[in-house]
Engineer: 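Before anything else, here's the structure in question.
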Amino acid sequence: MSNRMWGGRFASGPAEIMEEINASIGFDKRLAPQDIRGSLAHVAMLGQAGILPAEDVAAIEAGLKSVRDEIEAGTFVFKRELEDIHMSVESRLTEIVGTAAGRLHTARSRNDQVATDMKLWVRDTLDSLDQQAADLQRALAEKALTHAETVMPGFTHLQSAQPVTFGHHCLAYVEMLARDRGRFRDARARLNECPLGAAALAGTSFPIDRHATASALGFDRPTANSLDSVADRDFALESLAAASICAVHLSRFAEELVVWTSAQFNFVRLSDGYTTGSSIMPQKRNPDAAELVRAKSGRIIGALTGLLVVMKGLPLAYSKDMQEDKEGTFDALQALSLCLAAMTGMVKDLEPNAAVLSQAAGSGYATATDLADWLVRELGLPFRQAHHVTGRLVGAASAKGVGLEELSLAEMQEAEPRITEAVYAVLGVENSVASRTSYGGTAPVNVRKQAQGWIERLG
Ligand code: ARG
């Protein structure tokens with residue numbers, strides 16, 4: 001049998017494989033709520049513009065609501081021969097209301113319909129990702145406040161660099177998430193133009209009111225060019241790009257958690273709720289959730305790359321290639337949502353091991369910069385010379401296998417005779433972090449203030 005929706009000029013139905021490659025119902029059925037919303041806005045406008053008689057509008061509206069109920073109740077039967085969600089809804093509508101259903105598609109095409117549905121889905125998803133990112137920010141800011149004074153090693157090149165506070169480290173991720181949220185909102189703002197009414201590609205000769213449908217669906221305005229309306233998938237690309245950057249941030253934190261929970265580091269403890277055991281090694285507590293957050297960045301970045309390649313070189317306007325926008329976009333944005341939720345759970349339960357962190361913060365000559373700064377401040381040495389003197393002292397301490405604070409004053413004075421007892425005060429990690437009061441620095445007083453500010457702003 002040829003297709004009921006477009007089969008007028010076809011004598012026979014599609015080959016089995018044609019049907020399989022062509023059908024999108026397996027994955028676009030998730031657009032059912034958006035599709036029905038779009039159709040309700042469209043048919044109401046057709047009525048208001050006098051394009052459809054009121055009784056047809058009423059019948060179609062009632063029918064669409066029944067279809068929605070059936071889908072929500074799980075009684076709707078999706079059939080592959082109906083290709084996609086748009087034709088599935090319309091076909092069932094026809095069964096319910098009869099021939100009037102055929103009038104719904106006046107002044108519309110699946111091309112503007114699918115672009116509208118996808119925008120509605122992506123918009124809702126961006127809104128919920130923004131909320132989830134805010135939840136993670138809140139969990140991090142609260143951890144930061146609790147641990148504003150907990151010292152830990154700060155790293156560059158993953159080598160001990162200077163002591164920092166655990167709270168400061170948490171707040172670094174709060175900042176990254178703030179930029180992520182800014183990108184979600186930017187993408188949302190640019191997305192918010194309605195393609196409905198662009199029809200197949202050229203617009204329509206019916207006197208439709210595109211401003212009415214745009215505003216009924218919560219868009220700021222209709223899209224201005226009908227070709228662009230149906231050929232554009234920037235909104236999906238931008239959202240995937242924003243999601244990819246966010247996923248990269250989460251993967252960096254996840255990697256830190258994996259390293260920090262190892263027996264060798266033992267910096268933090270994840271709760272039982274976010275670790276798993278090994279079936280053979282009873283001592284193991286594996287950070288699986290963190291590992292999976294680290295890994296899921298792969299599929300999210302993959303979806304962005306995949307869709308960029310699908311879109312590259314596509315001539316205007318719509319091509320069926322664009323049906324390939326869906327699975328990757330759904331999967332990636334859903335994966336990010338799961339990552340944000342898992343990260344929030346891990347952060348809430350996270351227990352830094354303060355004693356280990358403090359010990360590690362002092363090892364590796366992490367206060368060498370404090371010593372050099374003291375030489376500059378107290379003795380007036382140029383920084384380069386202070387750096388050199390400090391280097392000699394680090395060498396001496398390392399040759400003896402001791403920390404800088406364990407060198408005697410006499411040993412210190414071999415490198416610089418004017419050094420006094422007062423130098424020992426800056427060699428402690430607490431003093432080191434407390435002195436970093438420059439704006440954005442790691443001092444506990446800064447961290448407390450920033451964490452409190454975030455908690456207030458996040459509400
Ligand atoms: N399922 C299609 C998609 O997702 C809907 C648009 C089909 N348009 C067409 N001209 N065949 O892209």
Side-chain angles (χ1 to χ4, degrees), residues 2-10 13-15 17-39 41-42 67 71 76 78-94 102 104-125 191 194-204 213 217 223 225-237 239-240 303 306-334:
S2 70
N3 190 293
R4 241 201 293 175
M5 302 290 167
W6 47 251
R9 61 163 293 184
F10 288 77
I17 292 298
M18 174 59 198
E19 195 179 285
E20 188 176 344
I21 196 171
N22 202 32
S24 54
I25 190 64
F27 46 86
D28 67 16
K29 61 179 171 209
R30 109 177 22 231
L31 293 175
Q34 290 77 11
D35 197 68
I36 292 172
R37 238 182 113 188
S39 289
H42 183 67
V67 175
I71 291 173
F76 190 97
F78 294 99
K79 300 182 194 130
R80 195 177 77 179
E81 62 268 28
L82 289 173
E83 250 182 77
D84 58 25
I85 187 61
H86 324 294
M87 299 215 286
S88 301
V89 169
E90 194 182 324
S91 163
R92 182 70 188 122
L93 184 69
T94 309
L104 170 62
H105 215 51
T106 311
R108 173 177 94 166
S109 145
R110 277 189 293 157
N111 297 349
D112 57 339
Q113 201 178 346
V114 73
T116 307
D117 292 2
M118 272 302 272
K119 278 193 168 186
L120 290 173
W121 188 89
V122 170
R123 191 177 70 184
D124 285 350
T125 306
L191 158 161
C194 186
L196 196 60
L201 76 163
T204 175
T213 43
L217 295 170
T223 48
N225 178 292
S226 63
L227 291 169
D228 178 49
S229 308
V230 295
D232 168 45
R233 290 296 180 272
D234 289 5
F235 61 93
L237 290 171
S239 304
L240 289 171
L307 185 56
L308 282 168
V309 177
V310 165
M311 297 307 293
K312 181 201 163 290
L314 277 191
L316 300 187
Y318 176 86
S319 296
K320 195 63 171 257
D321 307 52
M322 290 165 68
Q323 178 166 288
E324 288 290 313
D325 63 346
K326 290 178 192 62
E327 284 162 292
T329 303
F330 295 153
D331 178 79
L333 299 188
Q334 234 172 236

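When a ligand or atom number is given, it counts from 1 through the structure's own listing order.
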Engineer: Please lay out, stage by stage, how D28 and K326 fare under the test salt bridge (Lys or Arg N to Asp or Glu O under 4.0 Å).
Structural biologist: CA-CA 7 Å; D28 67 16; K326 290 178 192 62; 5.4 Å; no
Engineer: Will you find, in the side chains of R123 and Q34, an N or O donor that is under 3.5 Å from an N or O acceptor?
Structural biologist: no
Engineer: Examine distances only and state if a side-chain atom of S319 and a backbone atom of D321 form a donor-acceptor pair shorter than 3.5 Å.
Structural biologist: no
Engineer: Check whether any side-chain N or O of N111 sits under 3.5 Å from a backbone N or O of V230 as a donor-acceptor pair, and report yes or no.
Structural biologist: no
Engineer: Can you tell me if K326 has a non-hydrogen atom under 4.0 Å from ligand 1?
Structural biologist: yes
Engineer: Looking at H105, E90, H86, E83, which one forms a side chain to side chain donor-acceptor pair (under 3.5 Å) with R110?
Structural biologist: E83
Engineer: Could you check whether any heavy atom of H86 sits closer than 4.0 Å to an atom of ligand 1, since that is the contact criterion I want to use?
Structural biologist: yes
Engineer: Give the atoms of ligand 1, by number and element, whose distance to some non-hydrogen atom of S24 is under 4.0 Å.
Structural biologist: 1 (N)
Engineer: For S39 and R108, test the side chains for any donor-to-acceptor distance below 3.5 angstrom and give the result as yes or no.
Structural biologist: yes
Engineer: Tell me: protein heavy atom nearest atom 11 (N) of ligand 1, and distance?
Structural biologist: R110 NH2, 3.5 Å
Engineer: Quick one: which ligand 1 atoms are inside 4.0 Å of a heavy atom on Q323?
Structural biologist: 1 (N), 2 (C), 3 (C), 4 (O), 12 (O)
Engineer: Specify the protein heavy atom at minimum distance from atom 9 (C) of ligand 1: its residue, its atom name, and the distance to 0.1 Å.
Structural biologist: N111 OD1, 3.4 Å
Engineer: By number and element, which atoms of ligand 1 are closer than 4.0 Å to a non-hydrogen atom of D84?
Structural biologist: 1 (N), 2 (C), 5 (C)
Engineer: Which protein non-hydrogen atom lies closest to atom 12 (O) of ligand 1, naming both residue and atom, and how far is it?
Structural biologist: Y318 OH, 2.4 Å
